[in-house]
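Encoded as structure tokens, the structure appears first; notes follow it.
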Protein chains: 2
Amino acid sequence: MQAAAPARTRDLVRLLETDIHLGRLGAGSWLRQIDLEAAYNATRLDIRQALDRLVEKRLVRHIARRGYQVEDFDPARVAQVMETRAVLEVAAAALVIDRLDDAALATMQLHAEAFARALEAGTVEDQEAANIAFHTTMLAPCPNREMVDLLFDLRARVPAAVIRRRNTMDLLRRGADHHFAIIRLVRARDLPALQQVMREHNLSPGAP
Amino acid sequence: MQAAAPARTRDLVRLLETDIHLGRLGAGSWLRQIDLEAAYNATRLDIRQALDRLVEKRLVRHIARRGYQVEDFDPARVAQVMETRAVLEVAAAALVIDRLDDAALATMQLHAEAFARALEAGTVEDQEAANIAFHTTMLAPCPNREMVDLLFDLRARVPAAVIRRRNTMDLLRRGADHHFAIIRLVRARDLPALQQVMREHNLSPGAP
DNA sequence: GGCATCAAAATTGGCGCCAATCCAGAAGGA
DNA sequence: TCCTTCTGGATTGGCGCCAATTTTGATGCC
């Protein structure tokens with residue numbers, strides 16, 4: 001919720017998305033256009049357009065003549081999104097396992113370590129950044145860009161704040177371990193085992 | 001491109017989507033706001049909102065101060081979308097194979113026959129309707145609604161007109177045969193064979 | 001005859017105003 | 001004291017106007 005230079009629709013979508021994603025805007029919060037106008041230093045029209053786009057993405061609910069509020073995420077839907085993500089990640093794994101070179105694996109190693117460190121001594125924001133960086137690097141050589149875009153889109157559909165809520169430190173550490181296992185299995189070109197870990201990584205209750 | 005009762009944003013999106021999907025608006029066509037305003041009997045604001053939403057869906061391209069035009073779809077991207085669709089359809093098959101009862105299979109049979117008939121003596125529109133009906137019926141008992149929504153979303157990402165272009169009658173008939181094979185394999189509860197057919201059905205150059 | 005230049009028309013795109021609607025709090029009655 | 005009704009304030013949401021920019025068509029020059 002920072003004020004900044006005048007923001008256009010696309011920026012607004014990203015800013016609001018981030019605020020929802022990290023839980024700065026909790027489920028049920030009312031998003032008053034006037035407040036947002038001031039908070040983000042944007043015009044009414046841009047605000048409205050951004051909100052409509054978030055409604056389309058089902059992160060925000062719109063009630064006629066009442067306003068916009070952050071959608072609440074029932075566990076069933078979260079599970080469905082994660083199952084879908086798992087299916088696609090497993091498919092993507094097959095597409096990248098032979099395309100990840102040593103340089104890419106080294107970068108992944110850095111991000112995996114950064115994630116593990118952020119778990120112990122960083123903010124949720126830091127964790128998210130490191131985690132996204134890890135998966136971005138892993139999916140970079142995937143020839144199917146549509147699939148990759150879709151995966152990140154699915155990631156954005158469920159706020160990290162919602163997932164992390166019922167997440168023990170133990171589960172998070174297991175997620176960190178998955179990262180290292182993934183690197184090892186890619187290096188060994190062991191697709192079945194890799195896919196098994198990818199699936200588990202995406203389906204665990206608090207999947208990073 | 002029919003004129004009708006005043007249309008709101010959501011209707012406009014659907015109408016434009018259909019027009020693009022069926023090829024009434026070909027790739028590269030300019031979508032002038034004034035024309036659309038008149039053609040669909042809508043306000044400028046609704047038109048613009050609908051167009052922006054189509055840009056988001058990547059069916060339409062926007063050039064600043066030039067206007068909106070129908071996106072052209074390069075074969076590589078089409079292939080990627082279809083590959084992604086195939087992955088999800090295969091996953092969905094596992095979720096519905098034990099949930100499709102005799103009534104559902106009978107309905108699917110009707111739609112499969114309708115599709116086969118439309119191939120021989122119907123319009124592209126008829127074919128699309130029958131095909132969508134077949135797949136809708138098949139996915140109806142899928143407990144993962146997010147996955148189903150995503151599948152239909154992917155379907156909308158590549159206009160039928162683009163796919164059908166490089167589609168021989170032979171390929172289309174093979175698609176019709178797939179429908180009957182799918183029904184038979186669901187009835188036999190033969191998941192591996194079903195998934196094989198689903199994959200082929202989605203990947204064939206002119207996948208219905 | 002072809003090409004560059006220029007002006008007029010058309011189109012896009014943004015901003016502000018104002019009506020319609022809803023919520024909160026005060027006033028009145030049981 | 002609690003419930004109902006009413007009024008004032010605030011918010012949403014739609015419509016229209018106008019500036020900025022591009023395109024088209026005409027004109028003049030090479």
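What you see is a predicted model; the values in this text were computed from it and never measured. In what follows, every heavy atom counts, from backbone to side chain, and hydrogens, waters and symmetry copies are set aside. Here is the naming used below: chain letters follow the sequence lines, and residue numbers restart at 1 for every chain.
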Nucleic acid footprint by protein, nucleotides 7-22 of chain C - heavy-atom cut-off 4.0 Å, B for base, S for sugar-phosphate alone: ----SBBBS-----SS
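- Here salt bridge (Lys or Arg N to Asp or Glu O under 4.0 Å) pairs that include residues 78-88 of chain B, with residues two or more places apart or in two chains, are B:Glu83-B:Arg199.
- A:Trp30 has its CH2 atom 19 Å from the P atom of D:dA10, to the nearest Å.
- Annotation: salt bridge (charged side-chain N to carboxylate O under 4.0 Å, His left out) contacts of B:Arg66 (sequence neighbours excluded): none.
- In this view, B:His135 and B:His179, B:His201 satisfy the ring-ring contact (aromatic ring centres under 6.0 Å, His included) rule, not counting sequence neighbours.
- Evaluation of the salt bridge (charged side-chain N to carboxylate O under 4.0 Å, His left out) rule for A:Arg44 yields A:Glu37 as partners, not counting sequence neighbours.
- Within the structure, ring pair (Phe, Tyr, Trp, His ring centres under 6.0 Å) pairs that include any residue of residues 143-164 of chain A do not occur (at least two apart or interchain).
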